[in-house]
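Numbered from 1 within each chain, the chains take letters A, B, ... in sequence-line order.
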2 protein chains.
Amino acid sequence: MERLKQAIVERGIVLSEHVLKVDTFLNHQIDTGLMAAVGEEFARIFQQDGITKVLTIESSGIAPSFMAASKLEVPLVFARKRKSLTMDEHVYASRVYSFTKRTESEIAVSKDFLASGDRVLILDDFLANGQAAKGLIEIVEKAEAVVAGVGIVIEKSFQPGREQLINSGYRVESLARVASLENGRVTFVESE
Amino acid sequence: MERLKQAIVERGIVLSEHVLKVDTFLNHQIDTGLMAAVGEEFARIFQQDGITKVLTIESSGIAPSFMAASKLEVPLVFARKRKSLTMDEHVYASRVYSFTKRTESEIAVSKDFLASGDRVLILDDFLANGQAAKGLIEIVEKAEAVVAGVGIVIEKSFQPGREQLINSGYRVESLARVASLENGRVTFVESE
Ligand SMILES: Nc1nc2c(ncn2[C@@H]2O[C@H](COP(=O)(O)OP(=O)(O)O)[C@@H](OP(=O)(O)OP(=O)(O)O)[C@H]2O)c(=O)[nH]1
Ligand SMILES: Nc1nc2c(ncn2[C@@H]2O[C@H](COP(=O)(O)OP(=O)(O)O)[C@@H](OP(=O)(O)OP(=O)(O)O)[C@H]2O)c(=O)[nH]1
């Protein structure tokens, strides 16, 4: 997605060979015009897939998913990383490992919001090692729902997440695919 | 806002005299159509106020704030409750007390995203004791920016938050004002 790649180049900061900072428009400040375009693009890509629900994870997944769910005319559900005031025990949960923190944590979705037979579009802001995506997939499958696909705003293609998801048979659609963050610059995967 | 009050009555669950559960459309599953209408209403209320930025707090504040910021054509910033991967020390922070947990925690916004002179619309999903709202106000004022107003989706009018904010001189606009949750039912404040 050209407009997104342009934002990454002009407004992103390469913090290291492994980390791209996009707090200016995605992870802390949100450019709602850009996120609306991102959401519309996801909806366009998946419009023929009979999506019944969009599933993401708090917090950075919410804004990019909002317009996607809106355009697909389905509810948006966000997995919780921590128990909220009104969440009960009636949940589907999965364990997610953090390579950075080297700890495991639990994410959960209330059983009320995933029905067997739902066709779920999983969306998230970043795809790196894929742990969050795999955790969401596990939750969808515990609910006996179908993962229609995984949509990602920014994929770090030099990390194993995408390949592992593809090898497990899932459809992955990333709006920007970063091949490298070396030498302080963003290089995108060549589009075919 | 009639459509919101109707959703609260039809889809909300009164968990106790003090807690209203609206996970079905606001706090876990998000009804994007309803949240878009909520955001448009905030934008309509504050359209003459020279708003330069919308400030909310992760996670439930993001969806109701998205369309408000979009219609006002300003960026949306969400305060963090925990340090993110790309957040540095260059932040405005404030302490927020939780009556339920009886603990204090810190919320923060990067200094990059609040400029002195910004006219900030603070938005959040619930107003109860007002601790989160006060924490956001403190952050705006540390940045030497102006709090143009506080917009709330659901106010629990039987709790002291609103009155304390009004007494401190802030403008509070709540789209639904809950007078009582007694006897398992929602009663709204009488509109004048
Ligand atoms: N900006 C940025 N973020 C990255 C990058 N790579 C991974 N992340 C994000 O870092 C966060 C922490 O990941 P960890 O669970 O510690 O995962 P990891 O060490 O196994 O990669 C996740 O944020 P999250 O769950 O989305 O958190 P939140 O923003 O929703 O709070 C993930 O999306 C990157 O290059 N740039
Ligand atoms: N559903 C619901 N929530 C209520 C109600 N009253 C307060 N809350 C929410 O409860 C959460 C916890 O509040 P605490 O910080 O423990 O505050 P308190 O005990 O002083 O009220 C806050 O969620 P938050 O910060 O918005 O969390 P998140 O949803 O963004 O994760 C607040 O908005 C209510 O009647 N119903």
Are I154(B) and F158(B) co-members of a hydrophobic cluster defined by side-chain heavy atoms under 4.5 Å apart? yes
M35(A) and V54(B): same hydrophobic cluster, using ILVMFWY side-chain contacts below 4.5 Å? yes
Applying the 4.5 Å side-chain criterion to the ILVMFWY set and letting contacts propagate, would V38(A) and I62(A) be lumped into a single cluster? yes
Is A68(A) close to chain B through its backbone or its side chain, or both, or neither, when contacts mean heavy atoms under 4.5 Å? neither
Please look at V109(A) and chain B and tell me whether the side chain, the backbone, both or neither of the residue comes under 4.5 angstrom of a heavy atom of that chain. both
Hydrophobic cluster mates of V91(A), side-chain heavy atoms under 4.5 angstrom, ILVMFWY only, any path? M87(A)
Are V77(B) and V96(B) connected into the same hydrophobic cluster when the rule is that any two of I, L, V, M, F, W, Y join if their side-chain heavy atoms are below 4.5 Å apart? yes
pair L15(A)-L85(B): side-chain heavy atoms closer than 4.5 Å: no
Check chain A and chain B for donor-acceptor pairs under 3.5 Å and report each one on its own line.
unit_1	atom_1	unit_2	atom_2	d
K21(A)	NZ	T86(B)	O	3.1
D23(A)	OD1	T86(B)	OG1	2.7
N27(A)	O	R80(B)	NH2	2.8
H28(A)	O	F78(B)	N	3.1
H28(A)	ND1	F78(B)	O	3.0
H28(A)	NE2	S110(B)	N	2.9
Q29(A)	OE1	K53(B)	NZ	2.9
I30(A)	N	L76(B)	O	2.6
I30(A)	O	L76(B)	N	3.1
K53(A)	NZ	Q29(B)	OE1	2.9
E58(A)	OE1	S59(B)	OG	2.5
S59(A)	OG	E58(B)	OE1	2.5
S59(A)	OG	S59(B)	OG	3.2
S60(A)	OG	R80(B)	NH2	3.4
L76(A)	N	I30(B)	O	3.1
L76(A)	O	I30(B)	N	2.6
F78(A)	N	H28(B)	O	3.1
F78(A)	O	H28(B)	ND1	3.0
R80(A)	NH2	N27(B)	O	2.8
R80(A)	NH2	S60(B)	OG	3.4
T86(A)	O	K21(B)	NZ	3.1
T86(A)	OG1	D23(B)	OD1	2.7
S110(A)	N	H28(B)	NE2	2.9

Do L114(B) and F25(A) share a hydrophobic cluster, counting only Ile, Leu, Val, Met, Phe, Trp and Tyr and linking them when any side-chain heavy atoms are less than 4.5 Å apart? no
